[in-house]
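Below is one structure, written out as structure tokens; comments come after it.
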Protein chains: 2
Amino acid sequence: MSKKERQQQLLQVIGGNPFVTDRELTRQLKVSIQTIRLDRMELGIPELRERMKQMAEHSYDQVRSLPADEVVGDIVDLQLDKSGISIFEIREDHVFSRNGIARGHYVFAQANSLAVAIINDEIALTASADIRFVRMVRLGEKCIAKAQVRSLAGRGGKAEVDVFTYVGEELVFQGHFIVYRSAVEEYSEGGNRSADRH
Amino acid sequence: MSKKERQQQLLQVIGGNPFVTDRELTRQLKVSIQTIRLDRMELGIPELRERMKQMAEHSYDQVRSLPADEVVGDIVDLQLDKSGISIFEIREDHVFSRNGIARGHYVFAQANSLAVAIINDEIALTASADIRFVRMVRLGEKCIAKAQVRSLAGRGGKAEVDVFTYVGEELVFQGHFIVYRSAVEEYSEGGNRSADRH
DNA sequence: ATGTTATTTAGAACCAGGTACTAATATGTA
DNA sequence: TACATATTAGTACCTGGTTCTAAATAACAT
């Protein structure tokens, strides 16, 4: 068996079972452990422990990425159909554990929540958005999102809301949201709106 | 600080960051490494490597047991730098209580997480996104997000990822993500990590 | 065959992050 | 004071490697 063939097989075996040790590989491929290790080097395959670590980190980040908590940002100022401000502090839960940089969807969630809350209607849902993460946000930083309604189609139409999020003076995020609004009664149980928005 | 208090703190610290070594724990709890180890014994907390192994096995089992029926809120298929699938079920926490419609940022979060997870680099961050909420998603519905990498600029560049989210056959969300990627070496312990993922 | 290069194997030193075990030293507490 | 509990110290050992040097083997052309 040629070197290339063997390395292909190596990729296959480790692909099929990433938890295999070099010693087990020597049995399957019938070469010395040094050869296995040289092959791993050449193929850029990390050692078993590193493979497990990466899988663990990946899945750990994954778990934390499904936001479990409801409220994203405290709305400190709200003028319905006009403007609003929300504050959101980046905590451990909101960042990648590797580097302490905030996951984008938390920054988005703050802006989205604000864009929806600002609309004075029974139902307000985001229809589409065009967003840009201007700079990374880090653990401990306080994001201040400022929203402005740009246009309001009559009842049951769409609204356009711009949101700019700052850390201090610095712009970190900007988004242009199209928000559906309708006083449609299909779901409303007649209560006054706004109470359950954040 | 009493033994019980310390052990409570130990549980907390390891719970908050399972990747912590005993040595780091001595710094945080201000006791000797032997005490840390005795505490771990008593509490039945395995060593760091075992913890990582268990996490890795857990996620690996989930990935390879592609049930498509029962799994909730997780990545069920992942081909780094190519494509991925994630499933997320909308529960009470994720909807407006008034009408049972999912808040947009949860749907976005699923897509964003997937778009970032799919990128095979040390650091991957969303730079910008263009998204559309095609139809409302309701309480109890299962969102299946499918991501495809459309382009990959060389190391340290940007990647474009398209994500389409379905409930059953119906498209509910679509997004075009620009994801920053960099193999910044500050954290990398060398080696590419593509070969060992299925 | 001879020299040349590539490939494979061997072996020793070292590392992280532990376990297992023994023993000494606090710190209480009855 | 004596005894028990808690804490610290230290050593030997383990796994699954890395790094390095060096030798043996194979492959190939001249």
Side-chain angles (χ1 to χ4, degrees), chain A residues 1-60 97-99, chain B residues 1-61 122 183 185-198:
Chain A
M1 188 193 299
S2 80
K3 188 178 174 179
K4 289 214 170 162
E5 286 175 315
R6 189 189 56 232
Q7 293 192 341
Q8 279 308 305
Q9 240 202 300
L10 189 75
L11 282 169
Q12 269 227 327
V13 174
I14 295 183
N17 174 22
F19 299 93
V20 70
T21 63
D22 286 0
R23 203 163 301 278
E24 281 173 48
L25 287 166
T26 65
R27 283 176 220 127
Q28 297 197 36
L29 303 196
K30 306 288 185 197
V31 286
S32 73
I33 203 161
Q34 284 80 0
T35 303
I36 297 290
R37 286 168 180 172
L38 284 172
D39 283 352
R40 270 201 301 102
M41 299 292 142
E42 284 184 28
L43 297 170
I45 301 172
E47 62 169 292
L48 168 60
R49 284 164 176 167
E50 189 59 27
R51 295 196 300 268
M52 294 196 302
K53 185 182 175 188
Q54 285 173 5
M55 281 190 275
E57 277 177 341
H58 215 85
S59 73
Y60 187 65
S97 53
R98 292 179 79 67
N99 50 33
Chain B
M1 188 191 300
S2 80
K3 189 178 173 178
K4 290 214 170 163
E5 286 176 316
R6 188 189 58 229
Q7 293 192 342
Q8 280 307 306
Q9 240 202 299
L10 190 75
L11 283 168
Q12 267 228 327
V13 174
I14 295 183
N17 174 20
F19 298 93
V20 68
T21 63
D22 285 358
R23 201 162 302 277
E24 281 172 48
L25 287 167
T26 65
R27 281 178 221 126
Q28 299 198 34
L29 303 197
K30 306 287 185 199
V31 286
S32 74
I33 204 161
Q34 284 80 359
T35 302
I36 296 291
R37 285 170 180 170
L38 284 173
D39 283 352
R40 270 202 300 101
M41 299 293 141
E42 284 183 30
L43 297 170
I45 300 172
E47 60 169 298
L48 168 60
R49 283 160 176 169
E50 190 56 34
R51 296 196 298 270
M52 294 195 302
K53 187 181 175 188
Q54 284 174 9
M55 283 189 273
E57 279 175 339
H58 185 74
S59 73
Y60 188 67
D61 286 350
E122 292 299 332
E185 306 311 328
E186 216 173 322
Y187 303 96
S188 94
E189 288 98 86
N192 109 16
R193 43 207 261 286
S194 64
D196 54 324
R197 294 285 168 52
H198 95 212

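Just so it is clear, the model here is predicted, and its values are computed rather than measured.
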* Rounded to whole angstrom units, what separation is found between the CD1 atom of Ile36(A) and the C1' atom of dT7(C)? -> 14 Å
* Asked: Between dT18(D) atom P and Glu47(A) atom CD, what is the distance in whole Å?
  -> 5 Å
* Any donor-acceptor pair under 3.5 Å linking the side chain of Arg51(B) with the backbone of Phe19(B)? -> no
* Asked: Counting only distance, no hydrogens or angles, is the base of dG17(C) paired donor-acceptor with the side chain of Arg49(B) under 3.5 Å?
  -> yes
* Between dG16(D), dG18(C), dA6(D), which one does the side chain of Leu48(A) approach most closely? -> dG16(D)
* Structure fact -> Angle separating the five-pair end axes of the helix from dA1(C)-dT30(D) to dA30(C)-dT1(D), nearest 10°, is 10°
Between N or O atoms, less than 3.5 Å apart, protein on one side and nucleotides 23-25 of chain C on the other: list the pairs.
none

* Asked: Excluding sequence neighbours, so at least two apart, what forms side chain to side chain contact (heavy atoms under 4.5 Å, CB included) with Glu24(A)?
  -> Val20(A), Thr21(A), Arg27(A)
* Structure fact -> Contact check, residues 20-29 of chain A vs DNA chain D, heavy-atom distance under 4.0 Å, returns Thr21(A), Asp22(A)
* Positive for salt bridge (charged side-chain N to carboxylate O under 4.0 Å, His left out) with Asp39(B), one of Lys3(B), Lys4(B), Arg6(B) -> Arg6(B)
* Quick one, which residues of residues 37-45 of chain B touch DNA chain D with a heavy atom under 4.0 Å? -> Leu38(B)
* Would you please confirm or rule out a distance under 4.0 Å between OP1 or OP2 of dT8(C) and any side-chain N or O of Thr35(A)? => no
Please list, pair by pair, any protein nitrogen or oxygen found under 3.5 Å from a nitrogen or oxygen in nucleotides 20-26 of chain D.
none

* Structure fact -> Ile33(A) atom CD1 is separated from dA12(C) atom C1', nearest whole Å, by 15 Å
